[in-house]
Amino acid sequence: MAGFFGGKPDPAKVLHDTFGFPAFRGRQEEIVRHVVDGGSGLVLMPTGGGKSLCYQVPALCRPGLGVVASPLIALMEDQVNALRQQGVHAAALHSELDEEKRAAVLRDLGRGTLKLLYVSPERLTLESTLERLSRTDLALFAVDEAHCLSQWGHHFRPEYRQLDVLQRLFPEVPRIALTATADARTVTDIRERLGLTEDPVFRGGFDRPNIHIEAAPRDGARRQILDFAAKSSDGRGAGIVYCASRKGAEQTAGWLREAGYDALCFHAGMEPADKRAAHRRFAGGDAVVMAATIAFGMGIDRPDVRWVAHANLPGSPESWYQEIGRAGRDGLPARSLLLHGAEDIVWARHRLEDSPASDEQKRIERERLNRMVAIAEAATCRRRILLRCFGEDLPADCGNCDACLRPPTLRDGTVAAQKLLSAVLRTGSRFGLGHLIDVLRGERTAKVVQFGHDQLPTFGVGRDVSEHNWRGVARQLVAQGALDVAVENHGEYRPTEASRAILRGEEKVMLREDAATPRGSTRAPSRAKAGRAPVPAMSGDPAFDALRAWRREEASRQSLPAYMIFSDRTLTEIAASRPRDLDELSAVPGVGASKLDRYGDEVLRVLRNCE
Ligand code: ADP
Ligand code: ZN
């Protein structure tokens, strides 16, 4: 029978009719077929890679209920709302439901009418829940954000460990675990804990080619981020600025507002109610900018975040990629900016040394940090270096990062390095960078005179190099491990073991010519070269604007985030293809049967009105 596959609904048909997508992406199809056939496994895909469909489609193809363990209430609610828009009978069970709603969910569960149930791991593993489920026909279990069960991951949640009960109580029900964290130890942990050691691991491509990557030394972060935000979204799209501290996040939100952005702040020190409100506003607003610490993360489901900036260097490529991966989940062009300075590296190194972690854990974290530094200081394609951290080798340079588009020049910086190191040594390794640069540039400041540093042979040997460039030399030496900075005191620079070989002339130092990047002038990538990014960005097209205005009204009428009505990508394609009837509209990716039914006539009316 057409549309059926082994007696069950065909996954491709479900994908098309319910979700409105013409084709599976990457390994989705293989995974979906495996689960529909009753298989279990682990799915590793980057954020935005399309993990949800890997369990949602099988749950709709198999008889019975799909149960999804999910770590955050906001995340569950978003998924459930989105599924209901697609006409799927889904519900969430969590601690914030009132008695009436909870009773309704349990009633639907008992009647067997639910297709997908999202539930927190602690509630799922309650005896009463397990007992109910044992009387229910089950399609599958999905464990979302599965890295939460690993102590090695950066989001360990003890309650996730109880999920091992699923394999014992329901050995015949497929279990599918999903995560964006791919490091070997976490993968092993998840497989052992959930009884998936004999089942396949599906490693989706980790590349997110539509995200443009750019990194720069921090040099007036405020101006750098404002420039970046302005060129990233024409002031229309949503963005996130990640800051190292709560105070940094608050201040950043402040100056973003001053600059005219609808900016909010989010960090772990806020009241739960305020955090939820911020989350909701970010999910629902149009051009909202969130200034946040890394506490803002899981549960950001919004697919149309246009840019992510980091004011400080993240601790590992894993966390950085997860954070920038929140941009452009809709596949449209998106941008990321990574700002970094020597202080970031030094802070991270010292924090690590002082942490109570085991030596083994520290070694791993140190290695991650070094890789992150390598990406920030890279002179060649940053994406290639990044993807190598995930065990993936790009066949060619990406053409969509700053190193590809504006390759930096490397020069032999050995002499400059020797001058700086010798200034450090001759002043007794007791001074910060500002003073060292004064000595090098021959500035007779009060402090220089007070310590008699104008008498040193190093005094004035670096006049020909600007202060800005000296900072670049220092940062790169810190990155290369030839200089250390005492964080606990006043930021004194100290030589390391590695500096000896440089001073003795045994080791050459290659430095990026940062001066080659004129301050504040970072060009947007040329379209031709950034050709890997699909679909044109939305522009001032009147049809798109009219559709967007309609969507905003519709969303606020239903108190839903705008993207749940239709994504930017879908609106862009509707505006571009100008469907004349429901049939043509149904061919646009993102327009499934349920949405066609709900919104089709309205969309056609909006299009007719702007002809
Ligand atoms: P993840 O959970 O892996 O971060 P999601 O499941 O949220 O990613 O998917 C990211 C975005 O990609 C969503 O907007 C989703 O609708 C879209 N998407 C996923 N699979 C497809 C597909 N086969 N075709 C078109 N869009 C897709
Ligand atoms: Zn590149």
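Since the structure is predicted, the reported quantities are computational estimates derived from the model, not experimental observations. Only this structure's heavy atoms are used, side chains among them; waters, hydrogens and symmetry mates stay out. Just so you know, ligand 1 is whichever comes first in the structure, and atom 1 is the first atom listed for that ligand.
Under a 4.0 Å criterion applied to the non-hydrogen atoms of T47, ligand 1 contributes the atoms 4 (O). Every atom of ligand 1 is numbered from 1 in the order shown, and the set under 4.0 Å from a heavy atom of P46 is 3 (O). With ligand atoms numbered from 1 in the order given, ligand 1 contributes 22 (C), 23 (N), 24 (N) to contacts under 4.0 Å with heavy atoms of A23.
Using a 4.0 Å cut-off between charged side-chain N and carboxylate O, D78 and R302 make no salt bridge. Classification of R368 and E318 as a salt-bridged pair holds, one side-chain N sitting under 4.0 Å from a carboxylate O. One finds no salt bridge joining E573 and R578 here, because no Lys/Arg side-chain nitrogen approaches an Asp/Glu carboxylate oxygen to under 4.0 Å. Note on R191 versus D199: no salt bridge recorded, every NZ/NE/NH1/NH2 to OD/OE distance being 4.0 Å or above. Using a cutoff of 4.0 Å between basic side-chain nitrogens and carboxylate oxygens, D10 and R33 are scored as salt-bridged. Between D344 and R475, none of the side-chain N atoms (NZ, or NE/NH1/NH2) sits under 4.0 Å from a carboxylate O, so this pair counts as no salt bridge.
The angle subtended at the Zn ion (ligand 2) by SG of C381 and SG of C398 is 100°, given to the nearest 10°. Remark: at the Zn ion (ligand 2), atom SG from C404 and atom SG from C401 enclose 110°, rounded to the nearest 10 degrees.
From the protein, the heavy atom lying nearest to atom 10 (C) of ligand 1 is G48 O, 3.6 Å. Regarding atom 12 (O) of ligand 1, its nearest protein heavy-atom neighbour is R25 NH1, 3.3 Å. Closest protein heavy atom to atom 6 (O) of ligand 1: S52 OG, 2.7 Å. In terms of protein heavy atoms, atom 8 (O) of ligand 1 is closest to G50 N, 3.2 Å.
Between Y599 and W550, the ring center distance clears the sub-6.0 Å criterion. Note: H34 and F202 meet the aromatic proximity criterion, with ring centroids under 6.0 Å apart.
Neither the backbone nor the side chain of S567 comes within contact range of ligand 1; no heavy atom lies under 4.0 Å. Looking at P303 against ligand 1, only its side chain comes within 4.0 Å, counting heavy atoms. With a heavy-atom cut-off of 4.0 Å, M45 does not touch ligand 1 at all.
Using bins of under 30°, 30° to 60° and over 60° for the plane-to-plane angle, the ring pair F228/W307 lands in the perpendicular bin.
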Carefully, step by step, assess Q86 and Q56 under the rule side chain to side chain donor-acceptor pair (under 3.5 Å). CA-CA 12 Å; Q86 330 259 27; Q56 288 169 347; over 6 Å; no

Give the intermediate values and the outcome of side chain to side chain donor-acceptor pair (under 3.5 Å) for residues E122 and Y160. CA-CA 7 Å; E122 57 272 33; Y160 257 73; over 6 Å; no

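Across the listed options V32, V57, L178, L53, L53 owns the non-hydrogen atom lying nearest to atom 21 (C) of ligand 1. Nearest-residue assignment for atom 16 (O) of ligand 1 (options F21, F19, F24; heavy-atom criterion): F21. When the heavy-atom distances from atom 7 (O) of ligand 1 to R302, Q28, K51, R329 are ranked, the shortest goes to R329.
In this structure, D330 has no heavy atom closer than 4.0 Å to ligand 1. At least one heavy atom of G49 sits less than 4.0 Å from an atom of ligand 1.
The shortest N or O to N or O distance between L15 and ligand 1 is not under 3.5 Å.
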